[in-house]
Structure formats: C-alpha cells, structure tokens
Amino acid sequence: MKDLTPEELRRASNKFGSPLYVYHGERIEFQYHRLKNAFKDVNVHLHYAMKALNNINILRLIKNLGSGLDAVSIQEVHLGLRAGFSPNEIMYTPNCVSFDEIKEAVELGVIINIDNISILDQFGHEYGNSVPCCIRLNPHIMAGGHSNISVGHIDSKFGISIHQMRHVQRVVETHKMKVNGIHMHTGSDILDAEVFLRGAELLFETAMQFPDLEFMDFGSGFKVGYKDGDIVTDIEQIGDKIATAFKQFCADYGRELALWFEPGKFIVSEAGSLLVTTNVIKTTTSTVFVGVNSGQNHLIRPMFYDAYHHIENISNPSGTPRLYSVVGYICETDTLGYDRQIPEVREGDVLRIKNAGAYAFSMSNNYNARLRPAEVLFYKGEMHLIRKSETLEDVTRNEIEVIS
Ligand SMILES: *Cc1c(COP(=O)(O)O)cnc(C)c1O
C-alpha cells in the first residue's frame, strides 16, 4: 500500500499550517478490506469503533465501505446517525452510563450491548422481550500490553464476568428477555490468535444457553505496527482460525450466525499522521531536544500508554541522522519520542508523527489553552480540509463572565 509522500505532506502543511492531522482515505479502505477478507466463508460484519476517530467524513468513508459502527456514548450514537448510519447499523456499547442514556438509545433504535447485571435487570424490567439486547461478557482473558488498554482481565470494570452466567440466566428468564448477541472485547493489544481463540471458546460455550442469538461479537484488539520490526496481529492467520472455529460453532448451535468485530485502531491508526513544526532545538548537558508546536494536548498516547510513535523529518528526509528527544510545548513532561535517530532537524522543519489516525484527535484537549489543530483528508487524488483548526473563541465559548 503506497503511503503519502513527503511532498504530499509538505503540500498539506504549506497550505494549512501546522500542527495538522493528515489522513489517507485509501489506507483506511485498504485496512478495512484486508480485515474483512481475512474471514472467509463466514458472515462477517465490521462495526468501526468510532471513538478512535470520528470526523464525519471519515465515518462516511467507512460507511460507504459497508461498515457498521460501534458507539460507546449517546453522543457518539448521535454523531453516527448524523453521518448517515441507520440505527440498526449502530451497536451501542456503553460502560457505567445511566439507565436514562440506555433508554434514549433504545428510542433511537440502535442495538444495545449491556455490560452490567444491574442494567440488564432494569432493561428486562422496562422492555421484557419487546427490545432485544446483546450481553457483553468478560472472559477474564489477559490480553498483552499496557494495563490501561487491557480490558478483559479480572480487575477490569468492563463486561459481565463469565462466572456470573447463572445470575444472568435468572435475570433473562425472569423478564423473558431476548438476547440477540454475545459480545467480548478483551483489550486493545492482542499479539496472536491464542488470546482470541481462548476467549472465543468460552463465548461459544456460553452462547449455547441463548437460543435467540443473531450474532456473536468479538470486539477488537487487532494490533498495528508502530515501528519497523513490531509484532503485529497476523490478520490472515487469525481470520482463518476464527472462521474455522466459528463455522464449527454454528454447526453445533444449529444455525448460522453473523460474526462481528469492532476494529478502531486497525482501520485508522496507520492512515493518520500529525504534522508538527520544530520551534526550537535545545541542547542541554545530556540531550538534544527538538521542541515542537504540539504535545500531549494533540497526541497523548506516548504519555498515557507509553506508546511508540515513529517520527520523520519531512523537511529534510535525506539529512544526516542524529539523536534527538522530541518534546512538546506543554508545561508537562510531554515527550513524544526519546532518543530517536532522525535526519538532522533544523528549527522550522516539519516533522511527521506517525500512527496518529487512532486516538490522536479523538483524545485531544485544550490543556494550556492550546487549540485543536485542523484535519485534512487525502482521498481520490484530492486534498480536503475536513475540520478547521479551533480558535480561542471556540475554547471560551461557554464561559460565563460573572466577575468584573
Ligand atoms: C475501543 C473499543 C474498540 C476498538 O479497539 P481498537 O483497539 O481501537 O481496535 C472496540 N470495541 C469496544 C467495545 C471498544 O471500547
């Protein structure tokens, strides 16, 4: 898959300035098709996890590929509907939200995923068998990676424990509820097929207790490469193994169900870059810092998850590599990259921080009263501005002046 060139990226930063998020539409399409094609001979549906990146144009691009949506808040549900998804294409997977928010989602007609027995009980009491629901289970599978992004383990707040199935059954039977799906999402960093398959087996066993299933949802956790040599999810291998196991399950269950996934990162991570400009080169006794006009306010993953994001110098791609620590301008230790070999960086050079498609803009904030950057989409040979950068006016819009 051809990447955006340094020339194209420079064209974007020359026209729209920096910092700037740049997305590559074709890369998103490529990732979608690659994932979809990995699951052969099964009825597979993808529901894009929109919390990764939710610009309306990105949502529409992904919708046009045939994808559904996974939304985790009522606001995301509204954004999905606004982008043109129909309610039955949206899966609403909230955690620790009020029952009122779930009722609102039912009224909007979206698919409801319940991850708490108390909510399941209220749902059954309110709707009986008139509104189906999916149940999110926690299989207690420990997916690799940072603890913040490992959500299936014993201490996790997500899902209903697989050990509480007897309780779930009582609630479902009491209210005569229709359970149309079983869901698990084990975490955001899965290295191989084993974790998936262990979770899958547990789900298959549990599914036998529910006669009304229409789908089984295996969440996400597909890992993408952040640097050369990274172990990434072998999608084709996982697809093969899961499809085989799923076909066997459907045979045992007696009916063909749909197989769902909710990829976020896998679809958009590599399609995005954050372009930043070097404000200063600062040499200290131990380090050469590259200070850029961005930071944890625009890309918090390095500080929040210890994530590695590759950094390139698109102004001087053939310069002599030198060792730098790239840091932001926020009054925090917002190191974007430690000890990186980067072609010589000069003040004014534009750097490209890679893998800024997922959880970059969507986690951005206004700390230090800084503004969120614009977003640009390269698609079908054209460069589109898809979000203007913020103004100070945007940041102070809801302030009410009561002290003079
Ligand atoms: C965040 C999330 C996803 C997407 O995870 P990625 O690692 O971005 O693929 C899928 N499902 C649920 C329920 C989520 O919360």
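Along the sequence shown, residues carry numbers from 1. Just follow the structure's listing: the first ligand is 1, and inside any ligand the first atom is 1.
Within ligand 1, the atoms closer than 4.0 Å to a non-hydrogen atom of A49 are 3 (C), 4 (C), 10 (C), numbered from 1 in the order shown. Interface of D70 with ligand 1, defined as ligand atoms under 4.0 Å from a residue heavy atom, comprises 11 (N), 12 (C), 13 (C). Atoms of ligand 1 found under 4.0 Å from any heavy atom of Y359, numbered from 1 in the order shown, are 1 (C), 4 (C), 5 (O), 6 (P), 8 (O). Contact atoms of ligand 1 toward E262: 3 (C), 4 (C), 10 (C), 11 (N), 12 (C), 13 (C) (distance under 4.0 Å to a heavy atom of the residue).
Ring centroid separation for the pair F204 and Y253 does not come in under the 6.0 Å cut-off.
Using a cut-off of 4.0 Å between Lys/Arg side-chain N and Asp/Glu carboxylate O, K354 and E312 are scored as salt-bridged.
Checking side-chain atoms of R372 against main-chain N and O of T391 turns up no donor-acceptor pair under 3.5 Å. Counting only distance, with no hydrogens or angles, the side chain of S13 and the backbone of S18 share no donor-acceptor pair below 3.5 Å. Between the side chain of D349 and the backbone N or O of T278, no donor-acceptor pair lies under 3.5 Å. Although no hydrogens or angles enter the test, the distance criterion places a donor-acceptor pair under 3.5 Å between the side chain of S362 and the main chain of K51. Here the side chain of E26 pairs a donor or acceptor atom with the backbone of K380 at under 3.5 angstrom.
Taking only nitrogen or oxygen atoms, main chain and side chain alike, T93 does not reach within less than 3.5 Å of ligand 1. In terms of polar-atom proximity, H183 is not counted as a contact of ligand 1, lacking any N or O under 3.5 Å from an N or O of the ligand. At least one N or O atom of G264 sits closer than 3.5 Å to an N or O atom of ligand 1. For R136, no nitrogen or oxygen atom sits less than 3.5 Å from a nitrogen or oxygen atom of ligand 1, counting backbone and side chain alike.
Ranked by closest heavy atom to atom 2 (C) of ligand 1, the top entry among K51, M91, H185 is K51.
Heavy atoms of F158 stay at 4.0 angstrom or farther from ligand 1.
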